[in-house]
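Reckoned from all heavy atoms, side chains included, excluding hydrogens, waters and symmetry mates. Residue numbers begin at 1 in each chain, while the letters A, B, ... track the order of the sequences. Just so you know, these numbers come straight off a predicted model, no measurement behind them.
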Protein chains: 2
Amino acid sequence: MGKQETEMLKGTLEGIVLAILASRAAYGYEITAWLREQGFADIAEGTIYALLVRLEQRDLVDVQKVPSEKGPPRKVYSLNAAGRAYLGDFWRTWSFLAERLEQLRTTTITEGE
Amino acid sequence: MGKQETEMLKGTLEGIVLAILASRAAYGYEITAWLREQGFADIAEGTIYALLVRLEQRDLVDVQKVPSEKGPPRKVYSLNAAGRAYLGDFWRTWSFLAERLEQLRTTTITEGE
DNA sequence: TACCAGTACATAGTAGCGCTGAATAGCGCG
DNA sequence: CGCGCTATTCAGCGCTACTATGTACTGGTA
């Protein structure tokens, strides 16, 4: 959709994916499909794969190749200890930001349009 | 501070500044100082000025030069109609994102550390 | 056989945003 | 005069998400 959403996703999309992986192991294609179901209609496939590669390079996730009945083998990602700690940081940062914004919204109620 | 906060601010900082300008006209230095008080300790000054320039170029704000008793003249920004509409879009996008994240947090309570 | 849709991953190139670091400028104070 | 505070500006960098494309494997169908 808009540029606003794209920019706002920077930083948060990583946390979203980490949160998903915290609840269960998953692979790229699956994550993309799930996000689309949740209303993130236009998150590009390539974005998720690139993100997962970054997570792997930073050793926040464990990876396991699993053969698939259809198509090439899946790369199943799961959160490791470092990833869980990093996710904790993410939630703290997010909470801080969300609180400030909620406060701003209630004090400046100018819902345009 | 961390890289996480920096990335998360992308897109949201713009909305924050718009929200501030919705409640009252302000100039760059003032906004920076206010943000620091609110806990955004390490938002660089240059960042705010660059952001204000972008807002001006996109015609979301009105600008007025006001002489200052100390230092060079201030550029006082205020939100115009387009800016208020854009701020409305921002809040909608933010709400969507915040809802998804809140849902994710409650279903995957893995507060690390 | 030939073709296509669906699954699954990968990557080169682009654009946008915030940060770093520095420069410029005006005013008041010791 | 030199220092500190106010106030703005700018070049260059790093990071993330998007676009667009390509690869690879399976099953259905004409």
Just N and O in the side chain of A:Ser68: are any of them under 4.0 Å from OP1 or OP2 of C:dA8? yes

Measure the distance from CZ on B:Phe40 to C1' on C:dC17 and round it to the nearest whole Å. 16 Å

To check you understand the geometry: which heavy-atom pair defines the closest contact between A:Leu87 and A:Ala22, and what is its length? CD2-CB, 3.7 Å

Flag the pair B:Leu13 / B:Leu35 as yes when at least one side-chain heavy-atom distance between them is below 4.5 Å, and no otherwise. yes

Expressed as a whole number of angstroms, how long is the span from B:Leu35:CG to C:dC19:P? 10 Å

So how far is it from B:Ile31 CD1 to B:Leu51 CG, rounded to the nearest 0.5 Å? 8.5 Å

Under a 4.0 Å heavy-atom criterion, the protein footprint on nucleotides 18-25 of chain D, written with B, S and -, is BB----BB

Would you say B:Tyr49 places a side-chain N or O within less than 4.0 Å of OP1 or OP2 belonging to D:dC10? no

From the candidates C:dG16, C:dC9, D:dA7, the one with an atom nearest any side-chain atom of B:Arg74 is D:dA7

Rounded to whole angstroms, how far apart are CD on B:Glu7 and P on D:dA17? 7 Å

So, is B:Tyr27 close to the D:dA7 phosphate, meaning a side-chain N or O under 4.0 Å from OP1 or OP2? yes

Rounded to whole angstroms, how far apart are CD1 on B:Ile31 and C1' on D:dT6? 15 Å

Do B:Leu97 and A:Phe40 make a side-chain contact, defined as non-hydrogen atoms from C-beta onward lying under 4.5 Å apart? yes

Output the residues of residues 51-63 of chain A in contact with DNA chain D, where contact means a heavy atom of the residue under 4.0 Å from an atom of the strand; sort by number or write none. A:Leu51, A:Arg54

With A:Glu56 via salt bridge (charged side-chain N to carboxylate O under 4.0 Å, His left out) - residues at least two apart: A:Lys75

Rounded to the nearest 0.5 Å, what's the gap from CD on A:Gln4 to CG on A:Leu9? Could you check? 11.5 Å

For A:Gln4 and C:dG16, what is the distance between atoms CD and P respectively, to the nearest whole Å? 15 Å

When you check the side-chain N and O atoms of B:Glu30 and B:Tyr77, is any donor under 3.5 Å from an acceptor? no

If you assign B:Glu69 and A:Glu14 each to the DNA chain D nucleotide with the nearest heavy atom, which residue ends up on the more 5' nucleotide? B:Glu69

So, OP1 or OP2 of C:dT7: does either fall under 4.0 Å of a side-chain N or O from A:Tyr29? yes

Taken to the nearest whole Å, CH2/A:Trp34 to P/C:dT7 is 19 Å

Could you tell me the separation between the NZ atom of B:Lys75 and the C1' atom of C:dG26, rounded to a whole number of Å? 17 Å

Hey, does the side chain of B:Lys3 come within less than 4.0 Å of D:dT16's phosphate (OP1/OP2), counting only N and O? yes

I'd like to check B:Trp94 versus A:Glu102 (side-chain heavy atoms, cut-off strictly below 4.5 Å). Are they in contact? yes

Which distance, rounded to the nearest 0.5 Å, do you find between the CG of B:Leu55 and the CG of B:Asp62? 11.5 Å

